[in-house]
2 protein chains.
Amino acid sequence: MSSHAHHPVLKKNQKLVQDVLVSACAPLSAYSILDVLRDQGFRAPLQVYRALDKLMEFGLVHKLESLNAFVACTHDACEANEPAAFMICEECESVSELGDTRLASHLGKLADHENFALKHTTVELHGRCKNCS
Amino acid sequence: MSSHAHHPVLKKNQKLVQDVLVSACAPLSAYSILDVLRDQGFRAPLQVYRALDKLMEFGLVHKLESLNAFVACTHDACEANEPAAFMICEECESVSELGDTRLASHLGKLADHENFALKHTTVELHGRCKNCS
DNA sequence: CCTAAAAATGTTATGTTATTACATATCAAT
DNA sequence: ATTGATATGTAATAACATAACATTTTTAGG
Ligand SMILES: [Zn+2]
Ligand SMILES: [Zn+2]
Ligand SMILES: [Zn+2]
Ligand SMILES: [Zn+2]
């Protein structure tokens, strides 16, 4: 009974990758995911990357560009190009995803002001989380 | 007669890499820089990466995490952890570096609010620039 | 149901980005 | 000159990502 857009039923590999990311307590590289899924029959990186591409398309997974790693979306699933921000703790590797409307709007204005047609934003904050201070 | 902090004299390799980036009209990967500098005696990636590390430390170069590529700073040289934002055109590959004080302050507040000790920010906006629309 | 097109998967090889490890050279301060 | 710190040279390897092609599964029409 979600009030949100309907997302396609996940295929076998997509579901496996998604489950790994949801269970993880930190962002995982594609190759880490591959290692976890060897028991389930995964053999090659492409199996992971293809699943990740779809999951990102569905807004269920995000890539952290500054880590070359992936996390499950902690919102109900971000819309395709909705800008999110990530706070990444360098101590405990925890990541929290922020859906900050004002940040999104600020970035939108910034782009507008330069006549820049914004398609996608990457916002990643590195530092120390509350627990690690 | 700059009013800014004094930056160290660049070493030979650092100067070579810096010159390549300043001349470039788009972000360059480390391996592209290596190719350009083969004539000047560069042989291995590490020569480039070491120079880049120092240049980034000095605030003279920034890494675009979403491209795995590097650009020369277009400000007088960013302070170590000063947050900058980059607008990256997916059509012409041009990059413009924005020093937006309000964005920086907004990200600072966002972090404070979560008791997050902010060390470094990555803000990269992808889309189409003014000229390409 | 049958079939054709589209999407997903399997597999191998390769391309691209970044670091480890260790040797040598240069520089700066006693 | 001696010493310690920084910078450089080089080879090998690790880590991240895609190309190309074959096969299977899913989906939608007839
Ligand atoms: Zn999300
Ligand atoms: Zn932490
Ligand atoms: Zn800068
Ligand atoms: Zn452009």
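Lettering of chains follows the sequences in order, A, B, ..., and the numbering in each one begins at 1.
Heavy atoms from other residues, nucleotides or ligands lying under 6.0 Å from CD of A/Glu93 number 12 at most.
Listed by first then second residue, pairs satisfying side-chain hydrogen bond (donor to acceptor under 3.5 Å, both in side chains) with a partner in residues 96-107 of chain B read A/Asp100-B/His106, A/His106-B/Asp100, B/His62-B/Glu97, B/Thr74-B/Glu97, B/His75-B/Glu97, not counting sequence neighbours.
With rounding to whole Å, B/Ile33 atom CD1 is found 16 Å from C/dT16 atom P. Across the protein-nucleic acid pair, B/Leu67 atom CG and D/dA17 atom C1' stand 15 Å apart, rounded to whole Å. Rounded to whole angstrom, the span from the CG atom of A/Leu34 across to the P atom of D/dA14 amounts to 16 Å. Atom C1' of nucleotide C/dT16 and atom CG of B/Leu28 are separated by 15 Å, given to the nearest angstrom. In this entry the distance linking CD of B/Glu65 with P of D/dC16 reads 13 Å, nearest Å. Rounding to whole angstrom units, OH of residue A/Tyr49 and C1' of C/dT14 are separated by 14 Å. At whole-Å resolution of the value, CG in A/Leu52 and P in D/dT18 are 11 Å apart. Per the geometry, CG belonging to A/Asp53 stands 13 Å off C1' belonging to D/dC16, to the nearest Å.
Minimum interatomic distance between B/Asn13 and B/Ala51 (heavy atoms only, all atoms of both residues): O-CB, 3.8 Å. Here the closest non-hydrogen pair linking A/Leu16 and A/Phe42 is CD1-CE1, 3.7 Å. Heavy atoms only, all atoms of each residue included: A/Ala111 and B/Met87 are closest at CA-SD, 4.3 Å.
Put simply, A/Tyr31 has no side-chain N or O that comes within less than 4.0 Å of OP1 or OP2 on D/dA15. Taking 4.0 angstrom as the limit, A/Asn68 places a side-chain polar atom (N or O) nearer than this to OP1 or OP2 of D/dA17.
Residues B/Val71 and B/Phe86 are in side-chain contact: their nearest non-hydrogen atoms beyond the backbone lie under 4.5 Å apart. Considering only heavy atoms from C-beta on, B/Leu10 comes within 4.5 Å of B/Phe58 through its side chain.
Panel note: side chain B/Glu124, backbone B/Glu65; a donor-acceptor pair is recorded below 3.5 Å.
The bend of the helix from C/dC1-D/dG30 to C/dT30-D/dA1, defined by the angle between the axes of its first five and last five pairs, stands at 40° to the nearest 10°.
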At under 4.0 Å between heavy atoms, how does the protein contact nucleotides 5-10 of chain D? Give one character per nucleotide, 5' to 3', with B, S or -. --SBBB
Could you please spell out the steps behind the side-chain contact (heavy atoms from CB on, under 4.5 Å) verdict for A/Ser66 and A/Ile88? CA-CA 10 Å; A/Ser66 57; A/Ile88 301 164; 3.9 Å; yes
